[in-house]
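In what follows, a structure is listed as structure tokens, so that the remarks can point back to it.
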There are 2 protein chains.
Amino acid sequence: MTSNAMLVPVTTVPPTLPPSGRPAGSTVARLAGVSQKTVSRVFNDEPYVSAEVRERVLRAAEQLGYRPNSAARALTSGRTRRLGVVWLGSALYGPAQMLVGLERAARDLGYSVSLAATTQGETGSVDAAIGSLLSQGVDGILLSEPVDDQPQLRLTSQVPVVSLGRLTTASGTDVEIATQDWAAAAALATRHLLDLGHRTVHHVRGPQTWWAARDRERGWRQALHETGREVPPPLQGDWTAASGYAAGRAVLGRPEVTAVFAANDEMALGVVRAQLEAGRDVPGDLSVVGFDDVPSAAFFTPPLTTIRQDFDTDVHTAVERLVARIEDRAVAADATGWHPELVVRSSTAAPRT
Amino acid sequence: MTSNAMLVPVTTVPPTLPPSGRPAGSTVARLAGVSQKTVSRVFNDEPYVSAEVRERVLRAAEQLGYRPNSAARALTSGRTRRLGVVWLGSALYGPAQMLVGLERAARDLGYSVSLAATTQGETGSVDAAIGSLLSQGVDGILLSEPVDDQPQLRLTSQVPVVSLGRLTTASGTDVEIATQDWAAAAALATRHLLDLGHRTVHHVRGPQTWWAARDRERGWRQALHETGREVPPPLQGDWTAASGYAAGRAVLGRPEVTAVFAANDEMALGVVRAQLEAGRDVPGDLSVVGFDDVPSAAFFTPPLTTIRQDFDTDVHTAVERLVARIEDRAVAADATGWHPELVVRSSTAAPRT
DNA sequence: TTGCTACGATCCCCTTCAGGA
DNA sequence: ATCCTGAAGGGGATCGTAGCA
């Protein structure tokens, strides 16, 4: 590139940075005296760049504050290295904890995260969220809590989708499910109460649109069936302590109810509160087990017996599978290394005889 | 550019859809018998497209499953219509609730959300998160809980940044702060206890890296100063019930401690638990006030007196300001329509005389 | 190592065509 | 007729990067 003075172009190039407002790779290239392609090579760790050139490019980039334009990158490569997460917009412990894990797992694999929240009880909001994510051009989608009456999931053919929960309508979609069977954990809780000598166990379940609620209810039923107990009709809750409180009041006049398994810790707290407020004793008059082991559960009064959840395991394998499908790699055999665990505290005891 | 048959290129164009794997606007244009530019017009609601042509384009797009490529759009326009949120990866109620509000507010304004979590206590993680978001090409950044020892915020000059909390190091950065003064709310809690007749109020504070913790401590100090009370050294917590429990145990042997204001509800729960476990009564022997009014607080034993937070107000104005700056609009005067509110339940009472 | 080019959209500017002055 | 104005739509350059020769 021998440039003689005569040919210096008329095009007075301003230190161009529109419209992104940021320097481009070509600017870096000019400063470093190399081609734009070489700059690209350096930033993608491609071979055939001498250490010296690499160094020069990096210095020039540093000086200009250059960083690769992800939009341009996405345009040519067809991939964004971004995952979409369909999240139930809720400050509930479970979903929040899952989101934390998802973000971290994605980041560890070199992906960023776009969030699309759904609104509970709003029909079609899962589909809307998926549509929004597809428009943003994510490489894959995670369904963190696919709460919906009838998600159509029509749009899923475009990118891989992994769900962290079983769907009510799994009709022929190629959505992959990555989750453990929480029914086993619920059975654990139920058996704990039976082992203490309770005749049967009542259940405060969560909203039926949540797979987590359905799983837990199923586990409770199984445990009762296996031991030949009567299966009382479940009490309906909505995850909140208030709904647990309502359920707790509902059983106040029924002395045959001696043990309750609530589908999460907040509802268990509500059940307990209803008893204490009515002058009954927990666990003396009623044993209560929760689910999740929220960090505060150990400090409830009485400290709550519950099932410890480990969201991270499920979440990690889900993200790994999704990324594997995106990158067309073989899916690693799932290493379900972790098992739900019963944490016995002081809200359960043998029934009064 | 007259092309005679001889020059018709060898390039047999396949029904192209690489590398995005999705049909492009030009494909839609061909099917609809219009130019690519017209397709662009239709999808941007630009004028000068007849109703009939618009209809034809939309039908063709529908048929092909076309949706505009956001990467290409971002490349030419220089904006992504995405906001970056720096989030403390934590399932704590406050941050989770804020995130819910942020997503919704952004969506309402036509922006999507990219998430970058920070790791508590990891130096430079706020800067790393910001860097990651900038690399993704967000139009603006929200700092939801700027927890860091010394965030450098060097990179902020590139896009507008709005913080939901006061920063420890506000050194000359053009970060805008959008938040109410929570000190007033903390003062409210403190005065409630003083009004009940307590000599002074002890405080379990949160981590000093959190602005929320600093604000609340400041409000507590102010209330004590204004009424000429002694300001006891604060007890240090970390937001968890466990840390509140430790603080609660620490004051067990000190009968002069009759009232505690904890910086959040979980720590308050821990304080209460330590008392009850030791056979002391709440509020009989110790009054306790929390902060946040988490949904479960009403079902603690005893039901917790606390300050009701409304995250939505702050969050909405923050997002609105950020978007206004992005779009170079005048910033609307902030309408602080909401005031923190004391919720009196059963964990506070007059001291024993 | 380097150019050249494509990726898919936007932006600026152009042409065409009615209809009215 | 000439000129103009506004609607309707097209053409080409361009954004910043990665693939191919």
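Residue numbering restarts at 1 for every chain, and letters A, B, ... go by the order of the sequence lines. Just so you know, these numbers use all the heavy atoms, side chains as well, and skip hydrogens, waters and symmetry mates.
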Pairwise side-chain contact, [X] with [Y], heavy-atom cut-off 4.5 Å (strictly under):
{"X": "A:Tyr48", "Y": "A:Ser50", "value": "no"}
{"X": "A:Leu142", "Y": "A:Val86", "value": "no"}
{"X": "B:Val100", "Y": "B:Phe311", "value": "no"}

Nucleotide [N], atom [atom2] - distance to [atom1] of [X] in whole Å:
{"X": "A:Leu75", "N": "D:dC15", "atom1": "CG", "atom2": "P", "value": "14 Å"}
{"X": "B:Tyr66", "N": "C:dG8", "atom1": "OH", "atom2": "P", "value": "10 Å"}
{"X": "B:Arg67", "N": "C:dG8", "atom1": "CZ", "atom2": "C1'", "value": "16 Å"}
{"X": "B:Arg30", "N": "C:dG8", "atom1": "CZ", "atom2": "P", "value": "11 Å"}
{"X": "A:Leu64", "N": "D:dG16", "atom1": "CG", "atom2": "C1'", "value": "15 Å"}
{"X": "B:Asn69", "N": "D:dG16", "atom1": "CG", "atom2": "C1'", "value": "14 Å"}
{"X": "B:Asp45", "N": "D:dA8", "atom1": "CG", "atom2": "P", "value": "15 Å"}

On the nucleotide D:dA8, are OP1 or OP2 found under 4.0 Å from the side-chain N or O atoms that B:Thr38 carries?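 B:Thr38 to D:dA8 OP1/OP2: no side-chain N or O under 4.0 Å.
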
Closer than 4.0 Å, any side-chain N/O of B:Tyr48 to the OP1 or OP2 of D:dA7?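 So the side chain of B:Tyr48 is within the cut-off, an N or O lying under 4.0 Å from OP1 or OP2 of D:dA7.
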
Distances under 3.5 Å between nitrogen or oxygen atoms of protein and nucleotides 18-20 of chain D:
{"residue": "D:dA18", "atom": "OP1", "partner": "A:Asn44", "partner atom": "OD1", "Å": "3.4"}
{"residue": "D:dA18", "atom": "OP1", "partner": "A:Asn44", "partner atom": "ND2", "Å": "3.0"}
{"residue": "D:dA18", "atom": "OP1", "partner": "A:Arg73", "partner atom": "NE", "Å": "2.9"}
{"residue": "D:dA18", "atom": "OP2", "partner": "A:Ser40", "partner atom": "OG", "Å": "2.5"}
{"residue": "D:dA18", "atom": "OP2", "partner": "A:Asn44", "partner atom": "ND2", "Å": "3.0"}
{"residue": "D:dA18", "atom": "O4'", "partner": "A:Thr76", "partner atom": "OG1", "Å": "3.2"}
{"residue": "D:dA18", "atom": "N6", "partner": "A:Gln36", "partner atom": "OE1", "Å": "3.1"}
{"residue": "D:dG19", "atom": "N7", "partner": "A:Lys37", "partner atom": "NZ", "Å": "2.8"}

Between A:Phe43 and A:Pro68, which heavy-atom pair has the shortest distance, and what is it?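 Looks like CD2-CG, 3.8 Å.
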
Looking only at heavy atoms, what is the nearest atom pair of A:Val85 and A:Leu102, with distance?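 Result for this residue pair: CG1-CD1, 3.8 Å.
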
With distance as the sole test, does A:Ser40 use its side chain to make a donor-acceptor pair with the main-chain N or O of A:Gln36 at under 3.5 Å?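 No, because the side chain of A:Ser40 does not come within donor-acceptor range (under 3.5 Å) of the backbone of A:Gln36.
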
What does the list of N/O pairs under 3.5 Å between the protein and nucleotides 17-19 of chain C look like, with a distance for each?
none

Selection residues 33-44 of chain B - residue pairs positive for salt bridge (charged side-chain N to carboxylate O under 4.0 Å, His left out), sequence neighbours left out: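 Listed by first then second residue: B:Lys37-B:Glu46, B:Arg41-B:Glu46.
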
Out of A:Leu134, A:Ile130, A:Asp139, which one pairs with A:Val159 under the side-chain contact (heavy atoms from CB on, under 4.5 Å) rule?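 Going through A:Leu134, A:Ile130, A:Asp139 one by one, the side-chain contact (heavy atoms from CB on, under 4.5 Å) with A:Val159 is satisfied by A:Leu134 alone.
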
Hey, could you give me the CG/OG distance between A:Leu99 and A:Ser144, rounded to the nearest 0.5 Å?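 So the gap between those two atoms works out to 7.0 Å.
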
